[in-house]
Amino acid sequence: MTGTATNRSFVRLSGVGHRYDPDPATPMAVTGVDLDIQRHEFVAVVGPSGCGKSTLLRMISGLLKPTEGEVSVFGRPVDGPRDDVGIVFQKPTLLPWLNVRKNVLFPLKHKYGRYSHDDEKRAGELLEMAGLESFADKMPDELSGGMQQRVGIVRALLLNPDILLMDEPFSALDAMTREQIGFDLLRIWEENPKTVLFITHSIAEAVLLADRVLVMSKRPGTLLEMLDVDLPRPRTRHTISEPRFAELTERLRKHIYEPEAA
Amino acid sequence: MTATKVTPLNPVPEPETEPSVAEAGAPSRPILQVEGVDKIYGNGTVALKGAGLTVKQGEFVSLLGPSGCGKSTLLRIMAGLGEVTTGTVKWWEQDYDVVGSKGCKLAFVFQNATLMPWARVRKNVRLPLDLEHVSSSESEKKVDDALEMVGLKGFDESFPRELSGGMQMRASIARAMVTEPDLLLMDEPFGALDEMTRNKLNDDVLKLKKENGWTIVFVTHSVYEAVYLSSRVVVMAARPGRIVDDIKIDKPYPRSPDFRISTEFAGYCRQVSQALERASGMGESKENC
Amino acid sequence: MHKRITRSFLIAASLAGGLLSQSALAADKVVYQLDWLPGGDKSPVYLGVQEGFFADEGLEVRIANGRGSTDAITKIATGQADIGSADIASLMAAKAQDGSLPVKAVYSIFNRAPHAFFTLETSGIRKVTDIEGKKVATSPFTSSNAFLPLVLKDNGLEEDAVQLTKADPGALGPMLMNGGTDAIIAWVTNIALFDNQAKTTGNKLVVLPWSDAGLELYSSSVVAAEKFLSERPDVARRFMRAYDKSLKLTHDDPTKAAEALHTMVPEVDVDVAVAQIGDSMKLIVNDVSERDGLGALTEERVALTWSRVAQAEKLAGDALDPETVIDRTLLEAL
Amino acid sequence: MSTPLIRNERFVQIAAPLLVGVLVLLLWQISVMAFDVPKYLVPSPVDIAESLVTDFSSLFSALMMTLKVTFLAFVISVIAGVAASLLFVQSKWIEVSLFPYAVLMQVTPVVAIAPLIIIWVDDTTWALTICAVIVAIFPIISNTTLGLRSVDPNLLSMFRMYRTSRWQELVRLRIPGALPYFFGGLRISSGLALIGAVVAEFVAGTGGAKAGLAYMILQSGYNLQIPKMFAALILITLTGIILFAAMVWMSDRALRNWHESALKVEH
Amino acid sequence: MSLKQPDPKTRRLVLAAAPWLFFVALILLWELVCRAFSLPEYVLPAPSAIVDAFFKVEFSRWMTHLWATLRVALMGFLVSILVAVPIAIAMMRSELLTRTLYPLLVVIQSTPVVAVAPLIIVLMGSDDPSRVLITCLLTFFPLVVSTATGINETPPELIELSRSLDAPTRRETWQIRIPYAIPYIFTGLRVAITLAIIGAVVAEFVAAEEGLGYFIQFSTSFFRIPQAFAGLFFLAVVSLLLFKSVQWTQQIFFPWSLPKK
């Protein structure tokens with residue numbers, strides 16, 4: 001069931017599980033997850049709502065301690081919030097009182113209390129890469145949902161993290177915007193390779209973006225299936241109409257709806 | 001369409017064609033006629049410009065377009081909920097007054113379930129009947145049938161908050177069903193649900209349409225959903241909101257989930273996507289998607 | 001032009017002089033606590049300030065408003081004020097309940113009970129006994145309330161012979177004029193005020209003072225903190241000297257006193273204040289003061305007052321030795 | 001349950017505030033004794049408790065009087081406030097014309113108008129009630145109006161589609177939808193009715209022998225029976241807390257079917 | 001479908017005019033009633049008599065009284081902000097503290113301030129500090145509640161962001177939680193500012209030598225009802241202005257915190 005563990009594994013989860021309530025009678029949110037993610041791999045996780053996808057993500061980020069098993073990054077166990085992790089949330093969660101530029105710089109301001117001129121330059125570059133340079137001085141509420149989420153991604157990239165954790169980042173967006181921003185993400189990822197863990201409930205999105213798709217079961221969440229996506233990169237709008245794409249999505253759909261049959 | 005032909009993973013048995021009302025030979029009567037409708041808001045925003053559309057008996061029409069293209073505005077006008085600035089709207093070839101009389105019933109399903117939080121599911125579903133002063137013995141039966149059809153049997157005494165998002169939406173659909181409407185208007189009904197729930201409800205809607213012979217106008221953001229469900233996809237552009245394309249999906253009902261992985265489906269999706277791209281390019285500001 | 005320069009020079013000089021004298025002499029500060037809002041009956045202390053009687057004694061007096069006698073006594077007891085005016089009856093009642101209360105009466109202002117029934121001619125009430133079964137309104141803060149049962153009893157009436165209503169003092173007049181009540185309980189010091197109001201509504205005011213109905217006692221007095229008396233006896237003496245002087249001048253020249261009050265409290269009309277002074281003086285300068293002297297606190301009348309207070313407050317007659325609330329040293333030093 | 005009491009959340013929830021209460025009382029008692037604070041200044045908790053027992057009959061009748069005014073005022077506020085809200089939602093014109101006066105009533109200190117009301121109204125009980133209504137009515141009006149107005153627009157559209165009468169719309173949709181807001185207003189208003197009754201009695205006086213707690217405070221203050229004064233004060237506070245708790249309980253019971261998110265109503 | 005939309009411009013205009021027209025009508029009616037029934041001034045003074053009384057009082061006196069009230073109200077208002085915000089922050093930090101403090105706050109809130117005001121004056125003196133305290137007792141509770149609510153409304157994602165950055169708690173409080181609470185704090189401030197005026201007036205009723213509350217009390221005790229009314233209206237106008245200025249402050253300095261149209 002698990003991917004072939006090689007010594008090149010960047011993020012490694014071994015027998016990881018979590019239970020929110022210390023009472024042992026309550027069910028585990030996540031249990032028995034073994035997973036190896038390679039450096040600069042794009043991994044998507046799909047599963048029904050409440051299957052513990054977010055719990056998994058929080059354990060990798062160090063925000064949540066696993067109650068069983070161990071998470072390690074580059075061979076070192078994770079025991080607290082990590083510097084080299086960027087998180088993108090379901091909602092953009094920008095600070096409404098700061099303009100776009102300051103929102104992007106917020107992690108620095110928040111972590112160190114200040115930022116330098118060079119940091120501002122870097123923020124400018126990132127915004128430019130995301131096609132947001134002309135919006136740098138706008139307030140978040142002047143931006144559409146899609147653009148706000150782009151700012152959220154840029155913000156996560158500011159500290160140049162090795163790992164990018166994305167928790168259903170596009171689920172609040174409409175289908176068209178969602179598709180567009182997905183391609184934008186791929187472009188940014190190809191320009192600045194990161195290890196990405198991308199949580200979504202959209203099968204099509206997972207297949208379109210990821211190198212590998214993991215399927216999680218209902219609570220208690222555990223890894224059911226793993227699917228390598230062999231669609232060529234760079235992926236574009238035309239990828240969607242490839243028969244192979246339809247085939248892969250359908251296979252995943254089967255796994256999720258009738259896991260026993262698959 | 002130059003998609004390479006591939007064999008589906010599981011060979012799909014050819015579905016038996018359902019003789020839909022529209023194709024049954026009966027004179028397909030126009031249920032809804034929108035002609036030259038403009039809608040200008042108080043602040044000068046042109047929400048709709050010259051919208052024209054005819055919906056015939058038994059059709060499933062999806063309205064698809066970028067945000068701000070006026071598809072919800074158009075749908076509300078179709079429901080008689082908004083006034084038009086210019087142009088005409090006819091229901092069953094007559095004025096709005098006819099709506100609600102026998103054979104001319106409308107029902108509306110909103111983006112959110114919009115259930116009354118203080119009332120149990122049964123009472124929520126029964127509401128349209130209560131508003132029409134239907135006797136309780138009659139309405140109870142209808143409510144039971146509707147709940148059974150949407151698969152909420154046994155949840156009739158629950159409160160909305162006790163149901164999941166998908167189940168709330170089912171209750172909302174049941175509420176639309178109880179008056180046995182002849183035209184069902186749905187405004188992005190599944191937009192707030194996750195993809196898996198959404199797929200399930202899509203199949204349910206198709207099943208209910210078959211059982212009840214509904215005519216449906218359906219607003220959505222999703223190309224896949226539009227192609228999967230509709231007999232026609234109407235593509236709209238923004239600023240000003242207008243209709244730019246009308247694509248027929250020539251796939252007979254009933255449709256099974258296998259339709260989703262067919263080349264045909266992919267082809268339609270591409271066609272609609274391209275129309276949508278063109279429509280998005282037409283707006284004044286491309287950035288503001 | 002020339003004149004103006006001279007004047008401003010004079011002002012500057014006097015200011016400088018004031019500053020100098022202050023720094024040189026550093027006047028003793030005294031806080032005088034009123035038991036109610038400023039009014040004509042309180043004018044002596046204002047006159048003393050305006051006429052410079054206190055300044056002459058090297059005192060700097062600040063006047064604070066109060067809300068009833070007990071409020072004034074409490075503030076003096078807790079050291080927020082040094083000296084002030086309050087009903088001696090309230091002081092006795094308080095002392096009887098808490099013997100440690102460190103406040104003493106040093107000078108009587110009203111040697112007669114100021115309490116009275118006010119009614120309109122149309123009510124048909126001509127004497128205290130007519131009040132039976134009538135509606136009577138009173139203020140919740142007044143010491144009159146305690147004496148009402150005594151007055152009723154003295155006149156052969158039951159305690160519950162009247163329907164008593166308590167209302168804001170500002171509302172009493174209108175209530176009477178309006179027919180909201182048959183009579184009110186107020187102080188004779190305010191006859192002019194109510195009379196004016198009665199006149200504007202075409203009514204005639206009838207006043208039935210309780211002192212005429214047999215209520216003989218001391219009332220409003222100057223009371224002082226024991227600490228003030230023991231720690232700054234000289235300041236206290238100087239204060240009373242100036243106060244006594246002011247009171248006499250108020251009697252002789254009510255208009256001057258009223259103007260002094262108006263200067264310091266512009267909200268008070270001179271006319272009203274003059275009338276109030278006139279009414280108050282009947283309680284200050286009368287046959288009792290003729291006999292005992294102004295401000296006197298005779299042992300006999302103090303004992304009489306206590307017996308009435310004890311009756312009114314339903315206290316045992318031996319709950320208090322009335323002499324313990326009296327300090328005559330200042331009177332003697334006048 | 002084998003979990004020790006200190007780990008039991010419910011126990012801690014109740015015990016912690018109780019403990020603080022007891023500590024505060026102890027501290028109070030000790031400091032009054034240690035610094036020999038005179039009774040006429042601050043009485044000790046023991047003195048107050050003693051007064052609560054010995055003066056129980058007079059305190060109790062005063063409490064009843066205050067409660068009477070409070071309940072009258074509360075009931076009138078609810079009826080008149082709801083009526084005003086129903087009037088306001090009938091037309092925007094009515095609302096914009098009348099709402100400022102509701103606000104005016106809210107910003108005017110009742111201490112300042114109470115004497116005037118006493119002049120206008122003969123019966124003191126009613127005068128006090130009116131003062132208390134002036135204090136208590138605004139939260140009901142503003143919350144209920146807000147509630148009647150914040151109907152789910154989609155539900156409203158649906159009612160319009162079925163061509164429902166205004167009356168049906170009001171009864172079936174607006175009124176039930178406004179309940180959480182209304183209860184929010186009720187919670188605030190119940191406390192204010194009590195405070196209004198006390199304030200009014202404080203400045204405006206009281207009727208005859210039927211003196212309320214505020215008059216009791218004044219009277220015992222006047223007679224320097226400070227423990228009794230504190231006892232009356234404590235009775236008022238207790239009444240306020242009980243009223244508040246009763247309202248919370250009532251709205252919880254009435255609204256338990258609502259989803260939590262519908263309950264975020266603040267005045 | 002031939003229904004015409006009413007012209008929105010006219011509608012707005014009429015809606016803006018309605019309250020003023022109503023106000024003028026009300027005043028006229030009032031004046032008329034007073035004259036027709038020749039009501040005595042102490043029952044209900046006519047508007048003309050009130051205006052008259054207003055101008056009879058010297059402007060500088062008005063200003064003296066206004067300043068006295070305003071000074072106490074604003075000081076009380078500021079102090080209660082300084083007290084309430086830290087309490088709300090502390091309550092956010094510790095669940096136990098919330099559980100312990102909250103009942104105490106409810107007790108304070110349930111005790112009528114008018115009843116304790118005389119005690120405070122006796123204990124602390126009849127100067128500004130005790131008046132400010134009386135005002136604070138009235139204002140700080142709504143502020144604590146609204147600030148605490150606001151702080152708890154912070155999106156959990158942002159708290160996670162903060163924790164994932166390993167930022168000090170102090171910055172989490174000041175850079176995320178407090179700004180997020182600002183719309184709620186302003187809701188509390190709007191309530192508190194009118195309560196502050198009420199508090200100042202209550203304090204003046206207990207002990208004062210100047211101030212609008214004192215002025216009103218003084219006027220009634222000398223049976224000058226029109227003057228009392230003039231003071232009352234002046235006070236109401238001042239409260240409304242203060243209320244508005246809180247709104248303006250929010251509009252000018254925190255425009256982002258206003259609800260979206």
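Sequence lines set the chain letters: A, B, ... in the order given, protein chains first and strands last, and positions in each chain run from 1. These numbers come from the heavy atoms of this one structure, side chains and all, not from hydrogens, waters or symmetry mates.
Shown here for E/Gln217 and C/Leu37, the closest heavy-atom pair between the two residues is OE1-CD2, 4.1 Å. Smallest separation of non-hydrogen atoms from C/Asn65 and E/Glu209: N-OE2, 2.6 Å.
For the set C/Ala77, C/Pro38, C/Ala64, the count of heavy-atom pairs under 4.5 angstrom toward chain E peaks at C/Pro38. Per-residue heavy-atom pair counts under 4.5 Å with chain C were compared for E/Ile121, E/Asp127, E/Ile225, and the maximum is reached by E/Ile121.
Between E/Arg61 and C/Glu267 there is a salt bridge, with a side-chain nitrogen of the basic residue lying less than 4.0 Å from a carboxylate oxygen of the acidic one.
Atom CG of E/Leu119 and atom OG1 of C/Thr74 lie 9.5 Å apart (nearest 0.5 Å).
Interface remark: C/Val265 contributes side-chain atoms only to the contact with chain E (heavy atom separation under 4.5 Å). Neither the backbone nor the side chain of C/Gln33 has a heavy atom closer than 4.5 Å to any heavy atom of chain E. With a threshold of 4.5 angstrom between heavy atoms, C/Asn196 does not approach chain E through any atom at all.
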